[in-house]
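Worksheet for the structure shown next.
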Amino acid sequence: MPGWWRRGLPDFTIVPADVIIYRKDKKAVAVDGRTKERIIESENHAEVIQKAIDVIDGGRIIIEGEYKLHSPINIDNKYIEIVGSSREKTILRFSDDGFHISKSMIVLASIKLYGSGSGTAILADDVKFSKFENLDVINFDIGLYFRNRCYSNKVVLNRFHWLSDTAIIMENDVTSTTVIRNEFINNMKTAIKITRGGDGISRGNVVIGNWFEPKSDNASPIILIENAHHNIIAFNYFTGSDIDRHIYVRGSTASATRNIIAFNTIIAPSIRGIIISGGLADENVVIGNTIIGTGSYGIVADASKRNIIIGNVVSERDEGISLWTNTTENIIQNNMIAACKKYGIRVRSGCDYNTVVNNKVINSARGIVSESKYNMIVGNYLKDNSVYNMSITETENMVRQNYGYVTENSGVATLPAGSTSVTVNHGLATTPSKVLITPLGQPPGKLWVENITDTSFNIVTDTAPSVDLKVAWYAEV
């Protein structure tokens, strides 16, 4: 090996490489990884990196050292790998945008991308089967922007921090992108946005196993699915304080349907933990999430239909699970709600035809409240709620078999000899709508029920019996 090679190049551990880029004093140097021939040497670091990309049709470029770039790096119609030695040893400092990638398959890994407070770190346009791994992306407006027919890309083990706008955007026909095990720290606004944009629907993307710790007092949703469908947000961990919305599914101008929000953990104060809204956000599944920490709402469905909210744990909110504004035909099932300051589950006025079944609501102010019609509220467990376990303000609901809110009861009353009436305490949660009586012997005259209240009713006869008369009764709300 020539002496200049041994003296002039660092000891790279990742081989082979088609091009190697390293620092020599103020200059950046690119050499052929096989022949060791110099390709370019310049104090214009962006020019060196761009030249290295342009001279190969496909292959690997290895970079070590710190570089200042005053123009973006363009990658067009390439299959290429650009790899640093580590995030600590390979640092690219950009004055505005970082990489502009189009119609390419690329691996970009083990590099720190440091911005100047503006621009986009990586703009990926019509990029497929690419991988962005082990990057540090710091101090840009936008971290990674996928748009226009990007699919089957992976974003893994990266750190996005101190971004002033959005860390990752998937817009206009971005499909099958996997975002896994990344860290989003101290970002000012949204961490991940999946949106329609133009005519292309973004769908089939997976955001799984990431850590979110946004800057405090963040008024933007941390994850936003907007007018997009069939995406999965799962097993993510959210912390931080004073957040507006952690996960927001919004169908405003196009459908946001059949997204799955599953097994995420939100341990942070926020106004809303998970919200589905917009008029076109239907048929989504919210399953197995844990939301703990003070705030206004745990899970909200607003102007939305046929969603399934199942197996979630919500604690310490003002309202645990809330249905707003003409939210209909939803299923709320097998959720655990505890220590909510106002309501465990609240179905507001106009939210009809919902099913609330087999939930557990404990130690809250109010357990389950239905202010609307035609809902089925069955088999829920309600205990130790301080104001009341359940309140049903409309009569056209099916309310049955809820522990802590008795809606059906029966027994046997005794009409004493010589008396024409007996008072029966029915034990129901509220005034019964139906009371049936059956004498267990021959009555001396007519029997009927009157004075029905929220605690009792009277069995009355027009002729007093000569001996005690047993009367079976059944009452329901």
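Quantities reported herein were computed from a predicted structural model and do not represent experimental measurements.
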Quick one: [atom1] on [X] to [atom2] on [Y], what's the gap to the nearest 0.5 Å?
X      : Y      : atom1 : atom2 : result
Ile225 : His230 : CD1   : NE2   : 12.0 Å
Ile39  : Lys51  : CD1   : NZ    : 8.5 Å
Met390 : Asn385 : CE    : CG    : 10.0 Å
Ser164 : Ile142 : OG    : CD1   : 8.0 Å
Asp126 : Asp173 : CG    : CG    : 9.5 Å
Leu69  : Ser116 : CG    : OG    : 11.5 Å

Heavy-atom side-chain contact between [X] and [Y] under 4.5 Å:
X      : Y      : value
Ile266 : Ile274 : yes
Val314 : Glu319 : no
His229 : Ile201 : yes
Asn74  : Asp76  : no
Thr239 : Ile267 : no
Lys78  : Ile106 : no
His161 : Asp136 : yes
Arg272 : Asp244 : yes

Checklist line | Step-by-step side-chain contact (heavy atoms from CB on, under 4.5 Å) determination, Ile122 to Leu135 | finding: CA-CA 11 Å; Ile122 304 166; Leu135 302 171; 3.9 Å; yes

Below 4.0 angstrom, N of the basic side chain to O of the carboxylate: do [X] and [Y] qualify?
X      : Y      : answer
Arg258 : Asp282 : no
Glu41  : Lys27  : yes
Glu66  : Lys112 : no
Asp125 : Arg147 : yes
Lys305 : Glu329 : no
Lys373 : Asp352 : no
Arg250 : Glu226 : yes

Margin query: With a 6.0 Å cut-off on the ring centroids, do Tyr114 and Phe140 count as close?
Written below: no

Between the main-chain N or O of [Y] and the side-chain N or O of [X], is there a donor-acceptor pair closer than 3.5 Å?
X      : Y      : answer
Arg245 : Ile247 : no
Asn289 : Phe263 : yes
Asn284 : Asn259 : yes
Asn227 : Thr253 : yes
Asn402 : Ile377 : yes
Asn236 : Phe212 : no
Lys89  : Arg87  : no
Ser364 : Cys340 : yes
Ser104 : Ser102 : yes
Asp318 : Lys342 : no

Next item on the list: Please test Ser118 against Asp141 for side chain to side chain donor-acceptor pair (under 3.5 Å), starting from the C-alpha separation and ending with a verdict.
Entry: CA-CA 5 Å; Ser118 63; Asp141 284 333; 5.2 Å; no

Considering non-hydrogen atoms only, spot the tightest contact between [X] and [Y] and give its length.
X      : Y      : answer
Asn187 : Leu163 : OD1-N, 3.0 Å
Glu283 : Asn307 : N-OD1, 3.3 Å
Asn205 : Thr175 : OD1-C, 3.3 Å
Ser202 : Ala228 : O-CB, 3.1 Å
Ser277 : Ala281 : O-CB, 3.3 Å
Thr328 : Asn354 : C-OD1, 3.4 Å

Next item on the list: Run through Asp18, Val83, Ile80 and flag the one making a side chain to side chain contact (heavy atoms under 4.5 Å, CB included) with Ile61.
Entry: Ile80

Next item on the list: Start with the C-alpha distance between Asn380 and Asn359, add both sets of side-chain angles, then the distance that settles side chain to side chain donor-acceptor pair (under 3.5 Å), and finish with yes or no.
Entry: CA-CA 5 Å; Asn380 300 283; Asn359 301 281; 3.0 Å; yes

[X] atom [atom1]: more than 12 heavy-atom contacts under 6.0 Å:
X      : atom1 : result
Lys341 : NZ    : yes
Met336 : CE    : yes
Glu394 : CD    : yes

Note to self: Checking Thr327 against Asn330 for the side chain to side chain donor-acceptor pair (under 3.5 Å) test, could you report, in this order, the C-alpha distance in whole Å, the side-chain angles of both residues, the deciding distance, and whether it holds?
What the structure shows: CA-CA 7 Å; Thr327 296; Asn330 298 278; 5.2 Å; no

Ring-plane angle category for [X] and [Y], please: parallel below 30°, perpendicular beyond 60°, tilted otherwise.
X      : Y      : answer
His45  : Tyr67  : perpendicular
Phe94  : Phe99  : perpendicular
Tyr151 : Phe129 : perpendicular
Phe238 : His246 : perpendicular
Phe146 : Phe132 : perpendicular

Next item on the list: Give a yes/no verdict on a cation-pi contact between Arg317 and Tyr297, requiring under 6.0 Å between NZ or CZ and the six-membered ring centre and an angle within 45° of the axis.
Entry: no

Notebook entry, point to check: Please walk me through it: do Asn182 and Val155 pass side-chain contact (heavy atoms from CB on, under 4.5 Å)?
Noted result: CA-CA 8 Å; Asn182 302 278; Val155 183; 3.9 Å; yes

Margin query: Please evaluate residues Ile331 and Ile310 with respect to the criterion side-chain contact (heavy atoms from CB on, under 4.5 Å), reporting the C-alpha separation (whole Å), side-chain torsions for both, the decisive distance (0.1 Å), and the verdict.
Written below: CA-CA 8 Å; Ile331 296 174; Ile310 182 169; over 6 Å; no

Note to self: One pair to check against side-chain contact (heavy atoms from CB on, under 4.5 Å): Val137 and Asn158. What are the steps and the verdict?
What the structure shows: CA-CA 8 Å; Val137 182; Asn158 304 286; 5.7 Å; no

